[in-house]
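Below, chain A is the first sequence line, B the second, and so on; all start at residue 1. Reckoned from all heavy atoms, side chains included, excluding hydrogens, waters and symmetry mates.
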There are 2 protein chains.
Amino acid sequence: MDRESFWTADPAELLRVGPGFRLADVDTNAHPGFDGDKVAGQAALAEGAAVLNRLQEQLFANNVVNGDERRVLLVLQAMDSAGKGGIVNHVMGAVDPQGVHLAAFKKPTAEELQHDFLWRIHKQVPAAGQIGVFDRSHYEDVLIGRVRELALPEEIERRYGAINDFEEELARTGTSIVKVMLHLSKDEQRERLADRLARPDKHWKFNPGDIDERARWDDYQEAYQLVFERTATADAPWFVVPADRKWYARLAVQHLVIDALERMDLDWPKADYDVAEQQRRLAAS
Amino acid sequence: MDRESFWTADPAELLRVGPGFRLADVDTNAHPGFDGDKVAGQAALAEGAAVLNRLQEQLFANNVVNGDERRVLLVLQAMDSAGKGGIVNHVMGAVDPQGVHLAAFKKPTAEELQHDFLWRIHKQVPAAGQIGVFDRSHYEDVLIGRVRELALPEEIERRYGAINDFEEELARTGTSIVKVMLHLSKDEQRERLADRLARPDKHWKFNPGDIDERARWDDYQEAYQLVFERTATADAPWFVVPADRKWYARLAVQHLVIDALERMDLDWPKADYDVAEQQRRLAAS
């Protein structure tokens, strides 16, 4: 099966959170597994898009023809301005929208707060044959939930276990889970927020609350470190993607999705009808 | 406001279904309003994508900042293989997925059949700030519904009125509705189905039932003609797009969505915070 030609080492190995992982040790400006510059990275993204497109179409086709129940769930978490939106637009946006289910989780509504924290999440998991993308996720409930003390400490503790049980259930029913934290530096965030403030066509992307969250940077880094320690499992691994260079983060996340699909060993499904017979019918019609 | 440079006449005028419209008179191979060939058409699509992207982002941004409730609903109807999927992938797929809500309507489920025909449709209308795309729609209930006699004639009659009431309600609450029939010739359909049968990577897109529907071609054309006569309104116009040339159909539908957005007179929303104050806060953080 054709795959991308440009990696010097597999980012799915380089970026996976393993035992002893420390977020503080990650270089946010690095580009592991890729030797080129931004221009080369952008060309590589187009090459990867063709690979991703074929694999996604095969996943979808196998569901249509054979009822194949497999699916992919990409979970995106990050500090503000780290580039989640760009991943959604430029990586997943290159895939046929028919095969993608996107869910963006914002501040919970009054109705959502009347339920357990996984209620709104479970409703948005991808259907068989689909690639689901979570722009923020149930991890907010142990990130901002912890940092802002939105729940009691024992409830936060309970949630790590609930998340692991939930993800294990998804994995057992055919979901390949890819969890990504886009990791940028505090300085790079300042530059990106400054850019939003400098450009009238970007003002709508800025919110004064972004600076309030920024003030708790260290608390968030600590909450992420705990997330990795408690929820990085074999079935639902975490990947920390250096994100100071947008082009690299996009290329790496594209590869992580490609890698999940390649492990499914997909091919075009066989026709469930007699091709020659249908060709005769068509010619006569 | 910048718009596409390449139209010789506005397809929104040329393709709109007006009084006395007859589907049988439409040349499925024509390319009204565009003088170039396929290569020029594909280049034009990229130019149009940039225009569409900006307008979509402005629609989305005005909702975020000002709570602007406007939205767009693109309804796609066509005979099999006319290119609905290509429109979804290559026209709407070029837009940021965050701002697009796609709903594909298939054969109704047992639960859906327990409700009126608009029940499943209403749940999928776009939210404020979104562009909704219906791949098939409530019109199936007066197309296959009529041709296959899935409901009594008086119920089919009732539905035209119910559709007009429903769409009027959507229009009054801020929805710009664009209804498109992709119109291909019966010969072109044979070629496209033959292509699907000739290529193993396309077998999954073919269904023997496609030939059964093809056998009722004239009945469907008549059902479409009735749809236009009964449901082409000022608030929810129909456009018949010649679709034997895929590149033209894509370019024309792209323009119809651009046209709907341009009529909204969108601009970047003003910041609802003091920019200079936030710049000071950011610099100090």
Side-chain angles (χ1 to χ4, degrees), chain A residues 53-54 57-58 60-66 85 88-90 92-102 104 133 135 186 189-190 193-194 196-208 210-212 214-215 217 268-279 281-285, chain B residues 53-54 57-58 60-66 85 88-90 92-102 104 133 135 186 189-190 193-194 196-208 210-212 214-215 217 268-279 281-285:
Chain A
N53 254 301
R54 177 181 45 75
E57 193 175 340
Q58 290 178 332
F60 189 85
N62 275 282
N63 173 257
V64 169
V65 176
N66 300 323
V88 168
N89 197 358
H90 299 286
M92 299 315 300
V95 173
D96 189 341
Q98 286 184 81
V100 177
H101 179 76
L102 170 66
V133 183
D135 178 351
K186 198 174 176 189
Q189 190 195 48
R190 183 190 289 110
L193 293 177
R196 290 181 181 180
L197 285 168
R199 291 176 52 180
D201 64 328
K202 299 270 189 193
H203 282 170
W204 71 274
K205 293 190 175 188
F206 179 89
N207 192 308
D210 297 347
I211 299 181
D212 302 330
R214 177 174 166 78
W217 188 273
W268 296 111
K270 275 203 179 344
D272 56 356
Y273 49 82
D274 181 330
V275 174
E277 179 195 341
Q278 297 302 324
Q279 285 172 323
R281 286 184 70 210
L282 179 62
S285 74
Chain B
N53 254 301
R54 177 181 45 76
E57 192 175 341
Q58 290 178 332
F60 190 85
N62 276 282
N63 173 256
V64 169
V65 177
N66 300 324
V88 168
N89 196 357
H90 299 287
M92 299 315 301
V95 173
D96 189 342
Q98 285 184 82
V100 178
H101 179 77
L102 171 66
V133 183
D135 178 352
K186 198 174 176 189
Q189 190 195 48
R190 183 190 289 109
L193 293 177
R196 290 181 180 180
L197 285 167
R199 291 176 52 179
D201 64 328
K202 300 270 189 191
H203 282 169
W204 71 275
K205 293 190 175 188
F206 179 88
N207 192 308
D210 297 347
I211 300 182
D212 301 332
R214 176 174 167 77
W217 188 273
W268 297 111
K270 277 205 177 343
D272 56 357
Y273 49 81
D274 180 330
V275 173
E277 178 195 342
Q278 297 302 323
Q279 286 172 324
R281 285 184 71 210
L282 179 63
S285 73

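- The CD atom of A:Gln278 lies 8.5 Å from the CG atom of B:Asn207; values are rounded to the nearest 0.5 Å.
- Rounding to the nearest 0.5 angstrom, the gap separating the CD1 atom in B:Ile211 from the CD atom in A:Gln279 is 9.5 Å.
- Heavy-atom distances place the side chain of B:Lys205, and not its backbone, under 4.5 Å from chain A.
- Contacts of B:Asn89 classified as side chain to side chain donor-acceptor pair (under 3.5 Å), with partners at least two apart in sequence or in another chain: none.
- For B:Asp274, there are no side chain to side chain donor-acceptor pair (under 3.5 Å) partners at least two apart in sequence or on another chain.
- Annotation: the span from A:Lys202 atom NZ to B:Glu57 atom CD amounts to 6.5 Å, rounded to 0.5 Å.
- Residue B:Trp204 holds its CH2 atom at 13.0 Å from CG of A:Asp272, rounded to the nearest 0.5 Å.
- Of all non-hydrogen atoms in B:Arg190 and A:Ala283, the two that sit nearest each other are NE-O, 4.3 Å.
- The structure places CG of A:Leu102 at 11.0 Å from NE2 of B:His101, a figure rounded to the nearest 0.5 Å.
- Annotation for A:Lys186: atom NZ counts as buried by contact number, over 12 foreign heavy atoms lying within 6.0 Å.
- At a 4.5 Å heavy-atom cutoff, the contact between A:Ala61 and chain B is made by backbone and side-chain atoms alike.
- For the options B:Asp201, B:Asp135, B:Val275, B:Asp210, heavy-atom pairs under 4.5 Å to chain A are most numerous at B:Asp201.
- Under 4.0 Å is where a charged nitrogen must lie from a carboxylate oxygen, and between A:Arg281 and B:Asp212 at least one such pair does.
- Chosen from A:Gly85, A:Pro97, A:Ala194, A:Gly93, the residue pairing most often with chain B at heavy-atom distances under 4.5 Å is A:Pro97.
- For A:Val64, the part lying near chain B is the side chain, with the backbone staying farther off; criterion is any non-hydrogen pair under 4.5 Å.
- Using a 4.5 Å cut-off between heavy atoms, A:Ala104 does not touch chain B at all.
- Contacts between A:Ala276 and chain B at a heavy-atom distance below 4.5 Å are absent for every atom of the residue.
- Put simply, of B:Val88, B:Asp96, B:Val95, the one with the most heavy-atom pairs under 4.5 Å next to chain A is B:Asp96.
- Expressed to the nearest 0.5 Å, how far CG of B:Leu282 lies from CZ of A:Phe206 amounts to 6.5 Å.
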